[in-house]
Amino acid sequence: MSFIPGQPVTAVVQRIEIQKLRQGPNLILGFSIGGGIDQDPGQNPYSEDKTDKGIYVTRITPGGPADEAGLMAGDKIMQVNGWDMTMVTHDQARKKLTKKSEDVVRLLVTRKALEDAVKKSMGNYYKQ
């Protein structure tokens, strides 16, 4: 997904709800993130747009809460519990995801496979 400043952003999103796993005083999500406006976007292996400073899922713990909820490595996190995640630092994203007062994390994510499926179906629709 590319972004042009001043133009509307169009994204195909999926809602994912993750119930955090409580392990003693810790709440476990079962995934890691990369990216943020303070990070080098050229290091992001999941984005074709090397200027994209979004927050991406970089690792999923097999069998963990995120895996069970359907989150996938490479997913771009657009929102966390209603908070916009498109222009945040890595640390701001981490803090939103790991709030101790929230047992559930509701994400809006976009993934390349979703966008490709919609583009393909739209192409078939316009051919008819």
Side-chain angles (χ1 to χ4, degrees):
M1 183 180 86
S2 63
F3 167 72
I4 301 168
Q7 297 299 313
V9 175
T10 303
V12 181
V13 295
Q14 178 176 346
R15 294 181 191 273
I16 294 181
E17 186 170 299
I18 302 171
Q19 179 73 42
K20 293 179 182 177
L21 177 64
R22 191 170 291 279
Q23 288 185 342
N26 299 320
L27 292 171
I28 308 299
L29 284 165
F31 72 96
S32 299
I33 60 169
I37 60 172
D38 58 337
Q39 305 294 311
D40 177 5
Q43 299 298 312
N44 182 346
Y46 297 107
S47 177
E48 294 170 1
D49 177 358
K50 294 304 177 187
T51 63
D52 183 353
K53 294 187 175 203
I55 301 295
Y56 283 82
V57 175
T58 58
R59 186 183 61 81
I60 300 284
T61 303
D67 187 29
E68 297 291 324
L71 195 65
M72 298 173 68
D75 283 353
K76 182 176 183 178
I77 301 174
M78 306 299 283
Q79 283 186 5
V80 173
N81 292 339
W83 290 94
D84 177 40
M85 300 294 282
T86 59
M87 291 298 290
V88 297
T89 65
H90 184 86
D91 196 51
Q92 288 170 328
R94 183 189 57 77
K95 286 177 180 174
K96 288 284 185 211
L97 288 162
T98 59
K99 285 178 108 172
K100 298 245 187 251
S101 61
E102 298 173 341
D103 289 339
V104 175
V105 173
R106 290 174 183 85
L107 305 176
L108 277 184
V109 302
T110 187
R111 69 178 56 128
K112 185 149 179 39
L114 290 172
E115 290 181 12
D116 290 347
V118 169
K119 285 177 187 171
K120 183 177 179 184
S121 68
M122 289 176 73
N124 290 339
Y125 174 79
Y126 289 114
K127 288 178 186 174
Q128 296 177 3

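- In the model, D84 has a side-chain atom that pairs as donor or acceptor with a side-chain atom of T86 under 3.5 Å.
- Using a distance-only test at 3.5 Å, with no hydrogens or angles considered, no donor-acceptor pair links the side chain of K100 to the main chain of N26.
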Give the intermediate values and the outcome of side-chain contact (heavy atoms from CB on, under 4.5 Å) for residues L107 and L71.
CA-CA 9 Å; L107 305 176; L71 195 65; 3.9 Å; yes
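- Sorted by first and then second residue, the side chain to side chain donor-acceptor pair (under 3.5 Å) pairs with a member in residues 66-75 read D75-R111; sequence neighbours excluded.
- Side-chain atoms of K96 never come within 3.5 Å of backbone atoms of D91 as a donor-acceptor pair (strictly under, hydrogens ignored).
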Determine whether L29 and L97 satisfy the following criterion, side-chain contact (heavy atoms from CB on, under 4.5 Å), listing intermediate values before the conclusion.
CA-CA 8 Å; L29 284 165; L97 288 162; 3.9 Å; yes
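- Once rounded to the nearest 0.5 Å, the distance linking OG1 of T89 with CG of D38 reads 5.0 Å.
- A donor-acceptor pair is defined here as one N or O able to donate and one able to accept, closer than 3.5 Å; such a pair exists between the side chain of H90 and the backbone of G35.
- Side chain of S47 to main chain of D52: no donor-acceptor pair is present (N/O by atom type, distance under 3.5 Å, no hydrogens or angles).
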Worked check of side-chain contact (heavy atoms from CB on, under 4.5 Å) between E17 and V104:
CA-CA 7 Å; E17 186 170 299; V104 175; 3.4 Å; yes
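- Interatomic distance, NZ of K99 versus CZ of R94, reported as 13.0 Å (0.5 Å rounding).
- Residues E102 and N81 have side chains that bring a donor and an acceptor to within less than 3.5 angstrom of each other.
- The pair K53-D40 does not count as a salt bridge, with every side-chain nitrogen at least 4.0 angstrom from each carboxylate oxygen.
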Before giving the answer on side chain to side chain donor-acceptor pair (under 3.5 Å), spell out for D49 and T51 the whole-Å C-alpha distance, their side-chain angles and the decisive distance to 0.1 Å.
CA-CA 5 Å; D49 177 358; T51 63; 2.5 Å; yes
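- Atom CD of Q14 is separated from atom CE of M78 by 13.5 Å, given to the nearest 0.5 angstrom.
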Test side-chain contact (heavy atoms from CB on, under 4.5 Å) on F31 and V105 and set out the steps.
CA-CA 12 Å; F31 72 96; V105 173; 5.8 Å; no
